[in-house]
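So the structure is just underneath, and the comments pick up after that.
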Amino acid sequence: MASRTIRPLLLASRGSSLHVRTTVRLNFTKPAAALTTTHNINGFRSFSTTKTHWREIAVPEETSGKDRGGSKLYATADEAVADIKSGSVLLSSGFGLCGVASTLIAALRRRGPESLHSLTAVSNNAGSEGRGGLALLTENGQIDRMIMSFLGSNKKLEKQYLTGKIAVELCPQGTLAERIRAAGSGIPAFYTPTGGNTLVQQGAIPARYDAEGNVVEYGKPRETRIFNGKPFLMETALPGDVAILRAWKVDKAGNCVFRYTTKSFAPLMAKAAKLAIVEAENVVEIGEIDPNEVNLPGIFVDRIVPATEKSQVEILKTRSPEKEAAKTSSKTDSRNRIARRAAKELKHGFYVNLGVGIPTLAPSFLPPGEQVWIQSENGILGMGDYPLPDQVDPDIINAGKETTTLVPGAATFDSSESFSMIRGGHVDVSILGALQVSASGDLANYMIPGKVFKGMGGAMDLVSNPDNTKIVVATEHVAKDGTSKVVQSCSLPLTGARVVSTIITDLAVFQVDRKKGTLTLTEIAPGIDVDYVKSKTDATFTVADGLAVME
């Protein structure tokens, strides 16, 4: 029987040093093992063992945090998180339920709010209520504040937020990634075009309500500077006390390999935290990972535990060739009309980003042989269609958290790389939906005060460089209540000001002169006349000579 002694450290509160708390004695009798994975069509990764068992993992004689000479391996997640202190800033990787450190989150939940509470959690979103992700900690009363880009459909979190039980700081997705990256790089602040002329710049998004629904805290106004004639916001770095992440393969030196879209925030967060804990689906010996395959060097990893929770799929979407053919064959369907016209904005070889909903339908209307490279902001360049049932992989999802596929020649990367492509103007066209779009090209698509408050996700970043990336809106002409979405001036909070160049609806196509702030009707739907379009449009527009008919 092998006997090992673990002396984990007590992680002190922010700014304090680390010190030894306890000694734990563990006995092991089983031989060593390596974890392997299999996939099933329900989107869960199941675990099996080959040759050896994971408990062979060498248990450290002494674990000492930043003691470079100590082993990084812990036998269980409970031991690895036992010394995390209440009030810590927790960086939690993943996108939706993809790449979430579910084993470590389960261990944090087991500690309960009496032992661990008042956490500030940083994540793109808060998981899925009742299923996984940080939702398990928010529901358990262990998180006091969330810093995130998207609430999504988490109704329990939304209720906690609106009743003052939890604070929510909304941050554009690309800015969130860059703030974390900056923290890990020793950069205290940076300037970004994202969020200019919006509530983000003004610091006017509510961060906390009281029990009666009154706003008691807002965000912070951003300092602004002009570069090359354009306004840029100063954003500060976002460091953490602890980062939790999940990797596909980790060696005992801490070198990590991530599969596909699980990269999103994981490498960034490990670098930005005082203490980084990784749960590994496969733990291997030093030397078993080719240096060319390492996505995160071991210098950024402090603790390693075996992953014991299954990977989950948040939104399982599959396709059937027969159903797809039937769906796209109806030329009278308004959504298909919009998507068919939107496809004309996509030229062969273009790099494009497509928002959720109608924009994602556009590639199905491309002519045979014409290829575009679809970029998904959670870390894909070369995204394909929904998978067939036997192709589902929980590590390959799109920005809507749906299962997807990759085309030949695709690449995957972390969120910092993704938004470098977006803000840097390397994407040719971005097609988004809208709640409102104005005659001058203003876009509002992320919140309706008092009704809809989901978060901006990556939308503000996607429209941050309209001079180099053409911004196209694809949306129904009127909202469900019959009001026009094409307005003279937006009444809803802006995603971006003077950013949209083309508006495509089920009734018409408009071209926007962003400098002059004017709108021109260039195409009209079959069977529709100009007077009807005017009756459904709040904005003032002119009619182009040679008005065309939408196909």
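The chain is numbered in sequence order, starting from 1. All values reported here derive from a predicted model rather than from experimental measurement.
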Hey, is the main chain of G96 close enough, under 3.5 Å, to the side chain of N125 for a donor-acceptor pair? yes
Enclosure of K230 NZ (heavy-atom neighbours >12, cutoff 6.0 Å): yes
Trace of the salt bridge (charged side-chain N to carboxylate O under 4.0 Å, His left out) decision for E523 with R341: CA-CA 10 Å; E523 298 176 39; R341 176 56 183 83; 3.0 Å; yes
Measure the spacing between CG of N336 and CG of D506 and express it to the nearest 0.5 Å. 11.5 Å
Among side-chain atoms of E377 and S418, is any donor-acceptor pair under 3.5 angstrom? no
Would you please say whether a donor-acceptor pair under 3.5 Å links the side chains of S334 and E476? no
Does the side chain of D461 pick up a donor-acceptor pair with the side chain of Q173 at under 3.5 Å? no
May I ask you to decide if G382's main-chain N or O and Q375's side chain share a donor-acceptor pair within less than 3.5 Å? no
Does a donor on one side chain sit under 3.5 Å from an acceptor on the other, for S93 and R246? no
Are any side-chain N or O atoms of N378 and backbone N or O atoms of I397, one a donor and one an acceptor, separated by less than 3.5 Å? yes
Between F227 and Y191, is the ring centroid distance below 6.0 Å? yes
Less than 4.0 angstrom from a charged side-chain N to a carboxylate O is my criterion; do K485 and D538 meet it? no
Any salt bridge between R145 and E217, counting N to O under 4.0 Å? yes
Are R514 and D467 ion-paired here, with the side-chain N under 4.0 Å from a carboxylate O? yes
Do I431 and V352 have side chains that get closer than 4.5 Å, going by heavy atoms? no
Criterion side-chain hydrogen bond (donor to acceptor under 3.5 Å, both in side chains) on T405 and Q391, from CA distance to verdict: CA-CA 8 Å; T405 58; Q391 294 177 324; 5.8 Å; no
For S438 versus S489, what's the shortest heavy-atom pair and its separation? CB-CA, 4.2 Å
Under 3.5 Å side-chain donor-acceptor pair for S484 and H477: no
Kindly indicate whether the side chain of V478, heavy atoms from C-beta on, has any atom under 4.5 Å from the side chain of T483. no
Are the side chain of T469 and the backbone of V427 linked by a donor-acceptor contact shorter than 3.5 Å? yes
Is there a side-chain contact between E178 and F419, using heavy atoms and a 4.5 Å cut-off? no
Does the side chain of M146 come within less than 4.5 Å of L134's, by heavy atoms? yes
Looking only at heavy atoms, the pair that brings P449 and L492 closest together is CD-CD2, 4.1 Å
Are D428 and Y351 close enough, and set up right, to give a side-chain contact (heavy atoms from CB on, under 4.5 Å), and what steps lead you there? CA-CA 5 Å; D428 294 295; Y351 295 96; 3.8 Å; yes
For the CG atom on N228, are there more than 12 heavy atoms of other groups (residues, nucleotides or ligands in this structure) within a distance under 6.0 Å? no
OG on S128 to CD on Q312, rounded to 0.5 Å: 8.0 Å
Residue pair M234 / R225, side-chain heavy-atom distance below 4.5 Å: no
Between N445 and T495, is any side-chain donor less than 3.5 angstrom from a side-chain acceptor? yes
Quick one, N154 with E158, criterion side-chain contact (heavy atoms from CB on, under 4.5 Å). Give me CA distance, side-chain angles, the key distance, then yes/no. CA-CA 6 Å; N154 192 325; E158 185 176 31; over 6 Å; no
Under-4.0 Å salt bridge between E551 and R340: no
Ignoring hydrogens, what is the shortest heavy-atom contact between L366 and L346? Give both atom names and the distance. CD2-O, 3.8 Å
Between the OG1 atom in T262 and the CD1 atom in I396, the distance rounded to the nearest 0.5 Å is 10.0 Å
Starting from the C-alpha separation in whole Å, work towards a yes-or-no answer on side-chain contact (heavy atoms from CB on, under 4.5 Å) for L435 and Y446. CA-CA 8 Å; L435 296 171; Y446 78 98; over 6 Å; no
4.5 Å side-chain heavy-atom contact, M383 and N398: yes
Taking the six-membered ring of F413 as reference, does the NZ or CZ atom of K263 fall below 6.0 Å from its centre and within a 45° cone about the axis? no
Please state whether the rings of F541 and F510 are parallel, tilted or perpendicular, taking 30° and 60° as the class boundaries. perpendicular
Is the shortest distance from a Lys or Arg side-chain nitrogen in E345 or K470 to a carboxylate oxygen in the other one below 4.0 Å? yes
Nearest heavy-atom contact between V356 and G400 is CG1-CA, 3.8 Å
Ion pair check, E314 and R131, cut-off under 4.0 Å: no
Using 0.5 Å steps for rounding, measure from the OG atom of S430 to the CG atom of N465. 11.0 Å
Quick one: do V509 and I503 satisfy side-chain contact (heavy atoms from CB on, under 4.5 Å)? Show the steps, please. CA-CA 6 Å; V509 177; I503 304 169; over 6 Å; no
Sub-3.5 Å donor-acceptor pair from the side chain of T175 to the main-chain atoms of C171, do we have one? no
Under the 3.5 angstrom rule, does the side chain of T412 hit a backbone N or O of G379 as a donor-acceptor pair? no
Would you say the side chains of N124 and S149 form a donor-acceptor pair under 3.5 Å? yes
Under a 4.5 Å cut-off applied to non-hydrogen side-chain atoms, are V487 and V437 in contact? no
Does R423 use its side chain to pair, donor to acceptor, with the backbone of M421 at less than 3.5 Å? no
Would you say L519 and T540 make side-chain contact, with heavy atoms under 4.5 Å? no
Between atom CD of E402 and atom OH of Y386, what is the distance when rounded to the nearest 0.5 Å? 3.5 Å
Nearest heavy-atom neighbours spanning G496 and T198: N-CG2, 4.4 Å
Is there a donor-acceptor contact under 3.5 Å from the side chain of R179 to the main chain of T236? yes
Determine yes or no for a side-chain-to-main-chain donor-acceptor pair under 3.5 angstrom, with D513 supplying the side chain and G517 the backbone. no
Short side-chain donor-acceptor distance under 3.5 Å, T520 and T522: no
Value rounded to 0.5 Å, distance of CZ in F190 from CG in L233: 9.5 Å
Verify, without hydrogens or angle tests, whether Q160 (side chain) and T138 (backbone) share a donor-acceptor contact under 3.5 angstrom. yes
Between V200 and G195, which heavy-atom pair has the shortest distance, and what is it? CB-O, 4.3 Å
Around atom NZ of K454, are there more than 12 heavy atoms of other residues, nucleotides or ligands at under 6.0 Å? yes
